[in-house]
Amino acid sequence: MATGIPELEDKLPEVLELTERYIKAFFEDLDTLNVERAEHYPRATESVDKMAEIIRKLLADQVAYRSEDGSIYYNIARFPSYGKLAHIEVGELKCGARVSQDEYEKESACDFALWKAYDAEDGEVYWDQYPDLGKGRPGWHIECSAMAIMLLGEHFDMHTGGVDNIFPHHQNEIAQSEAFTGKTFVNYWLHSAHLQVEACKMSKSAGNFFTLRDLTEQGHDPMAIRYLLLSAHYKSSLNFTFNALEAARSSLDSIANFIRRLKDQQGAQRKEIAAVGEARERFEKALADDLNTPEALAAVFHLVREGNQAIDKGDVGSLGAGLALDLLRKMDTVLGLHLDRYAQDDELTAEQQKLVDERQAARKARDFALADARRNELLEVHGIVLEDTPQGLRWKKGARI
RNA sequence: GGCGAUGUGGCCGAGGGGUUAGGCAGCGGUCUGCAAAACCGCGCACCGCAGUUCGACUCUGCGCGUCGCCUCCA
């Protein structure tokens with residue numbers, strides 16, 4: 001797996017610094033959301049040699065041509081399936097319709113730049129070590145082909161990106177890469193829809209613009225955010241609302257409660273939870289079906305409900321509970337919701353333990369007013385919930401206040 | 001304007017021509033000293049109008065709304 005970092009415009013020192021800052025923030029956000037790292041994070045600026053190689057070949061094959069100003073353009077007329085990805089008929093496409101007609105050097109309005117000849121406006125941003133290309137900079141799409149081919153080969157399985165990249169970026173990537181290699185570029189394109197916020201597009205002027213760190217600073221659990229993101233299929237635009245974020249938090253809580261309950265089951269019953277097999281199968285099937293994460297979550301809840309029922313019936317011992325926990329751990333290697341953090345054995349502080357003891361003593365003495373006062377204090381001051389179960393007292397941390 | 005996508009119950013959100021998505025919230029109940037947790041029960045949802053069909057929320061057309069692209073950036 002590889003994620004390209006396009007920073008071609010960033011040779012200016014001040015811009016470079018800014019870029020590094022954003023890259024750092026990007027990785028921090030990935031960590032916050034528990035997003036697994038890709039194997040490679042290639043940088044466009046480290047792939048310019050490969051870009052030059054591709055351009056050279058396209059030029060030699062006359063798929064590309066040089067314009068009067070020295071720029072090199074891709075001739076889309078040489079790529080018959082151009083437009084297929086985006087369902088666009090080139091003949092009907094008014095490429096550049098909204099561009100002022102100052103690009104006379106292109107043969108067709110849809111032709112796109114592979115190499116832009118140096119222009120005074122480019123300032124310090126140029127490469128001049130490729131005499132056959134001339135002084136200039138790479139076009140806007142070539143870097144992705146170069147990075148992909150270098151790391152993943154001439155043909156690979158999946159390529160992802162936002163829907164906004166379908167045209168022209170991904171279409172151009174295909175044209176460049178396939179003309180260069182003569183091979184099918186990728187098997188599957190996965191295009192993710194855009195996030196909406198309160199049913200509107202996120203924008204600063206609409207006042208509904210915020211970053212991941214804005215949310216976490218407000219105290220929202222990153223895993224609730226991740227859950228919310230998983231609750232919609234990647235292909236459909238998720239309507240982010242704070243209401244939905246709260247719902248996600250509650251959903252996650254009930255999974256967490258189930259896990260705590262499972263960890264409590266220490267009986268010798270040999271019975272297994274029947275739903276484990278069903279849930280596993282449904283979960284895998286859902287993911288195999290174009291990463292249907294909402295359906296995968298439904299499979300999790302199938303296990304939760306059936307598992308809770310079995311526990312209520314007293315059918316679940318440590319064996320059955322362990323098998324269910326194993327499945328949940330397996331599921332969480334995909335879901336990445338840190339389900340393992342829900343444990344029963346956190347330590348209480350001395351002060352907390354004292355409150356618990358006082359509550360228990362008061363309860364035993366049937367002084368319910370005092371018992372409830374201690375319980376409320378634990379909840380409101382310490383975020384600890386006490387539960388009286390048939391097996392005795394149970395407590396959990398991290399309750400919402 | 002053109003192209004593509006989409007419109008599901010209070011909220012989020014799957015789905016597919018006829019049989020329960022799932023979660024959250026709400027209401028009623030079981031359990032509990034009370035709670036909490038859990039369980040049980042309750043919602044006759046599919047933008048509008050036509051059409052195809054024995055039957056459509058699911059297919060087709062039109063209309064309306066929303067999102068994306070068609071320009072920069074990538």
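Lettering follows sequence order; numbering is per chain, from 1.
- Nearest-nucleotide positions on RNA chain B place Phe240(A) closer to the 5' end than the other of Phe368(A) and Phe240(A).
- The separation between Tyr234(A) atom OH and rA5(B) atom P is 15 Å, rounded to whole Å.
- Nucleic acid contact class of Asn165(A) (heavy atoms, under 4.0 Å, all strands): base.
- One N or O donor and one acceptor, one from the side chain of Arg359(A) and one from the base of rG33(B), sit under 3.5 Å apart.
- In this structure, Ile166(A) atom CD1 and rG68(B) atom C1' are separated by 8 Å, rounded to whole Å.
- His169(A) comes within 4.0 angstrom of a base, heavy atoms only.
- Residue side chain Phe301(A) fails the stacking definition with respect to rG22(B), as its ring centre and the base's six-membered ring centre are not both under 5.5 angstrom apart and under 30 degrees in plane angle.
- For Asn292(A) and rG22(B), the CG to P distance is 14 Å, given to the nearest whole Å.
- Judged by closest nucleotide on RNA chain B, Asp388(A) is the one of Asp388(A) and Arg261(A) placed further toward the 5' end.
- Between Glu306(A) atom CD and rU20(B) atom P there is a gap of 16 Å when expressed in whole angstrom units.
- In this entry the distance linking CG of Asn308(A) with P of rA36(B) reads 16 Å, nearest Å.
- Distances shown here put a side-chain N or O of Arg305(A) below 4.0 Å from the OP1 or OP2 atom of rG23(B).
- Contacts of Ala244(A) with the nucleic acid, taken as non-hydrogen atoms under 4.0 Å apart, involve only primed sugar atoms and P, OP1 or OP2.
- Salt bridge absent: Asp332(A) and Arg329(A) never bring a charged side-chain N and a carboxylate O closer than 4.0 Å.
- Look at rC11(B): its Watson-Crick or wobble partner, with both distances under 3.5 angstrom, is rG23(B).
- At the phosphate of rA38(B), neither OP1 nor OP2 sits under 4.0 Å from any side-chain N or O atom of Thr389(A).
- Rounded to an integer number of Å, the gap from CD of Gln265(A) to C1' of rA37(B) is 12 Å.
- For Phe301(A) and Phe258(A), the distance between ring centers is not under 6.0 angstrom.
- Of the candidates rA37(B), rC39(B), rC67(B), the closest approach to any side-chain atom of Glu387(A) belongs to rA37(B).
- Nucleic acid contact class of Leu386(A) (heavy atoms, under 4.0 Å, all strands): base.
- Under 4.0 angstrom from either OP1 or OP2 of rG68(B) there lies at least one side-chain N or O belonging to Lys201(A).
- Evaluation of the ring pair (Phe, Tyr, Trp, His ring centres under 6.0 Å) rule for His194(A) yields no partner, not counting sequence neighbours.
- Asn239(A) comes within 4.0 angstrom of sugar-phosphate atoms only, judged by non-hydrogen atoms across all strands, and of no base.
- Rounded to whole Å, atom P of rG23(B) lies 12 Å from atom CD of Glu295(A).
- The interatomic distance linking Gln171(A) (CD) with rC70(B) (P) rounds to 13 Å, in whole Å.
- Between rG29(B) and rC67(B), the two C1' atoms lie 44 Å apart (nearest whole Å).
- Counting non-hydrogen atoms under 4.0 angstrom, His233(A) reaches the backbone sugars and phosphates but no base.
- The line from CH2 of Trp115(A) to CG of Leu59(A) is 12.0 Å long, rounded to the nearest 0.5 Å.
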